[in-house]
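Taking it in order: structure first as structure tokens, then the write-up.
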Amino acid sequence: MEVGQDIPIVDFSSFGLARDAADISERDIQAVGDALYQAFSTIGFVYLRNHGITSQQVNDVFEVADTFFALPTEIKAKYAWSFETNDGWVSLEREKVTPERPADFKEAFDILTQLTRGFPEEVPAFPDVCGTFISQCKEVSLRILKVMTIGLKLERNFFAQNHKLMYAGDNSTTFRCLRYPPLPADTDIKPGQVRCGEHSDYGTITLLFQDGVGGLEVQNVHGTYVPATPIPDTVLVNIGDLVQRWTNDKLKSTMHRVMNPEEERAKQQARRSLAFFVFPDDHAMITCLDGSKKYEPITALDYLNMRYKDTIV
């Protein structure tokens, strides 16, 4: 395990997509499991190298997402997100993840198991490019979940059994393409408004692929926000709220944010990222694994809906 300023870097080659899952030994699982537990029980974030998803595949998704976001607003509005569907286009300033700040200066496109209105017909490559990427993210996620059982001393398939319907049924795992527009001097930015306010993620884990622009900051163990600098050919993985509840705070769902750039040159650039938000199956009951009652039992879907009501404006 390599350690950067605050967020460790773990070599995932022994468990990456280049390896057949059937050939992965218990020794491989143990070594990676110890490293992930150390990261997830402290700062809650880790960079994974050699995960098996190529930079070209990431760039292909960025390209189709760029094409969609460049469409006129009235076209994108045909695919608008709603509480009834939880999928589609999230318009600029629609989401407000921090109550104390104005709404986030970002837009997004959310993809669940089935898109209510289908993929945008104006971007013909969207279904194939994103479909392939989602399949790979799903497989990487399941491998991470298996490794996470090591430090928690759980049965190897514990998490997998609670994520059986990921992109196959009643499961709210979401692939999100994100765009943060440029911020030239004439942009109407409200006092306190940032690209994405302070928040934790809601689900099990999140896989995040960043472009080279930067801006993401993570709260470290001392309560200070530190840069989660983009590192080529890595995926940034973090723990979500439901795992913190499940593990009675052994694993940490850490606050993070995307700040506005300070340098004038950086303000002229859009920022892009791809987030794969992993959720347990909708009806999975999340109860503290140690038998404590610190957190009341709640289904994954009920928790997600509760958080959406707090953040969508």
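All figures in this text were calculated on a predicted structure; none of them were measured in a lab.
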ask   = Do F105 and T187 have side chains that get closer than 4.5 Å, going by heavy atoms?
value = yes
Steps toward side chain to side chain contact (heavy atoms under 4.5 Å, CB included) verdict (T113, D87) = CA-CA 9 Å; T113 301; D87 63 19; over 6 Å; no
key: Ion pair R176/D110, N-O distance below 4.0 Å   = yes
query = Pick from F62, F276, F209, Y167: which one makes a ring pair (Phe, Tyr, Trp, His ring centres under 6.0 Å) with F133?
reply = F209
Separation between CG of N162 and CG of L145, rounded to the nearest 0.5 Å = 10.0 Å
task = List the steps and the verdict of side chain to side chain contact (heavy atoms under 4.5 Å, CB included) for Y37 and I150.
result = CA-CA 8 Å; Y37 184 81; I150 295 293; over 6 Å; no
message = Under a 3.5 Å distance rule, please check whether R179 uses its side chain to pair with a backbone N or O of A270 as donor and acceptor.
response = no
ask   = Do Y79 and E121 have side-chain heavy atoms sitting under 4.5 Å apart?
value = yes
inquiry  = Tell me if a side-chain donor or acceptor on T254 pairs with a main-chain N or O of I43 at a distance below 3.5 Å.
reply    = yes
ask   = Hey, does V140 have a side-chain heavy atom less than 4.5 Å from the side chain of V237?
value = no
task = Indicate the ring-plane relationship of F126 and F119, choosing parallel, tilted or perpendicular according to the 30° and 60° boundaries.
result = tilted
key: Shared hydrophobic cluster for L112 and I205 (ILVMFWY, side-chain gaps under 4.5 Å)   = no
task = Measure from the side-chain N and O atoms of K252 to the backbone N and O of D249, and report whether any donor-acceptor pair falls under 3.5 Å.
result = yes
Side chain proximity check, D201 to N238, heavy atoms < 4.5 angstrom = yes
ask   = Is it true that a side-chain atom of T299 and a backbone atom of A284 form a donor plus acceptor pair closer than 3.5 Å?
value = no
task = Give a yes or no on whether the backbone of P297 and the side-chain of T287 come within a donor-acceptor separation of less than 3.5 Å.
result = no
inquiry  = Let me confirm one number: the CZ-CG distance from R143 to L17, rounded to the nearest 0.5 Å.
reply    = 5.5 Å
inquiry  = Consider side chain to side chain contact (heavy atoms under 4.5 Å, CB included). Of R271, Q269, Q268, R195, which one does P261 pass it with?
reply    = R195
key: Co-membership, hydrophobic cluster, residues I286 and L165, 4.5 Å side-chain   = no
request  = Heavy atoms only: give me the nearest C137-L207 pair and the separation to one decimal.
outcome  = O-CD2, 4.0 Å
ask   = Are the side chain of D104 and the backbone N or O of G197 linked by a donor-acceptor pair below 3.5 Å?
value = yes
inquiry  = Is there a side-chain contact between L216 and L208 in this structure, where contact means two heavy atoms from C-beta onward sitting under 4.5 Å apart?
reply    = yes
request  = Verify the distance criterion only: is there a donor paired with an acceptor across the side chains of R257 and Q219 at less than 3.5 Å?
outcome  = no
ask   = For F15 and K146, what are the C-alpha separation, side-chain angles and deciding distance, and is it a side chain to side chain contact (heavy atoms under 4.5 Å, CB included)?
value = CA-CA 10 Å; F15 224 66; K146 185 171 185 178; 4.1 Å; yes
request  = Tell me, yes or no, whether the heavy-atom count around E263 atom CD, taken from other residues, nucleotides or ligands under 6.0 Å, exceeds 12.
outcome  = no
key: Distance-only side-chain donor-acceptor flag, E63 / N59, under 3.5 Å   = no
key: Donor-acceptor under 3.5 Å (N157 side chain, Q161 main chain)   = no
message = Please give me the minimum heavy-atom distance between I7 and P227, naming the atom from each residue.
response = CD1-O, 4.5 Å
inquiry  = Keeping R94 on the side-chain end and E107 on the backbone end, is there a donor-acceptor pair under 3.5 Å?
reply    = no
ask   = Are K78 and W89 side-chain neighbours, meaning at least one heavy-atom pair lies under 4.5 Å?
value = no
Interatomic spacing from OG1 in T173 to CE in M166 - rounded to 0.5 Å = 4.5 Å
key: Within 6.0 Å of CD in E74, more than 12 heavy atoms from elsewhere   = yes
inquiry  = To check you understand the geometry: which heavy-atom pair defines the closest contact between V32 and D11, and what is its length?
reply    = CG2-O, 4.3 Å
message = In this structure, would M259 and Y180 fall into the same cluster of hydrophobic residues linked by side-chain contacts under 4.5 Å?
response = no
inquiry  = Distance check, rounded to the nearest 0.5 Å: L304 atom CG versus Y202 atom OH?
reply    = 8.0 Å
message = Using side-chain heavy atoms (C-beta onward) and a distance below 4.5 Å, is E93 in contact with P102?
response = no
message = Side-chain heavy atoms nearer than 4.5 Å, only ILVMFWY residues, links allowed to pass through others: does that put L92 and V213 together?
response = no
ask   = Quick one: do the Q38 and D34 side chains pair a donor with an acceptor below 3.5 Å?
value = no
ask   = Are D241 and R307 ion-paired here, with the side-chain N under 4.0 Å from a carboxylate O?
value = yes
Pair F83 and W81, ring centroids less than 6.0 Å apart = yes
query = Rounded to the nearest 0.5 Å, how far does CD of Q244 lie from OG of S200?
reply = 7.5 Å
T132 (side chain) donor-acceptor with V129 (main chain) under 3.5 angstrom = no
key: Intermediate values then yes/no, side chain to side chain contact (heavy atoms under 4.5 Å, CB included), Q56 and D60   = CA-CA 6 Å; Q56 183 58 57; D60 288 346; 2.8 Å; yes
remark   = dist C177:SG -> I111:CD1 (nearest 0.5 Å) comes out at 5.0 Å
task = Treating Ile, Leu, Val, Met, Phe, Trp and Tyr as nodes and any side-chain heavy-atom pair under 4.5 angstrom as an edge, say whether I53 and L142 lie in one connected cluster.
result = yes
key: Minimal non-hydrogen separation, L71 against E122, with atom names   = CD1-CB, 3.9 Å
request  = Report yes or no: does R245 contribute a side-chain atom to a donor-acceptor pair with the main-chain N or O of E296 at less than 3.5 Å?
outcome  = yes
inquiry  = Taking D281 first and then K164, would you say they form a salt bridge - that is, a charged N and a carboxylate O separated by under 4.0 Å?
reply    = no
Note, L152 side chain near F159 side chain (heavy atom, < 4.5 Å) = yes
Closest approach of Y225 to H256 (non-hydrogen atoms, all atoms of both residues) = CE2-CA, 4.0 Å
ask   = Just by distance, with hydrogens left out, do S172 and D282 show a side-chain donor and acceptor under 3.5 Å apart?
value = yes
inquiry  = Restricting to non-hydrogen atoms, name the atom on K96 and the atom on R101 that form the minimum distance, rounded to 0.1 Å.
reply    = CE-O, 2.7 Å
query = Taking the six-membered ring for Trp, are the ring centroids of Y303 and Y295 within less than 6.0 Å of each other?
reply = no
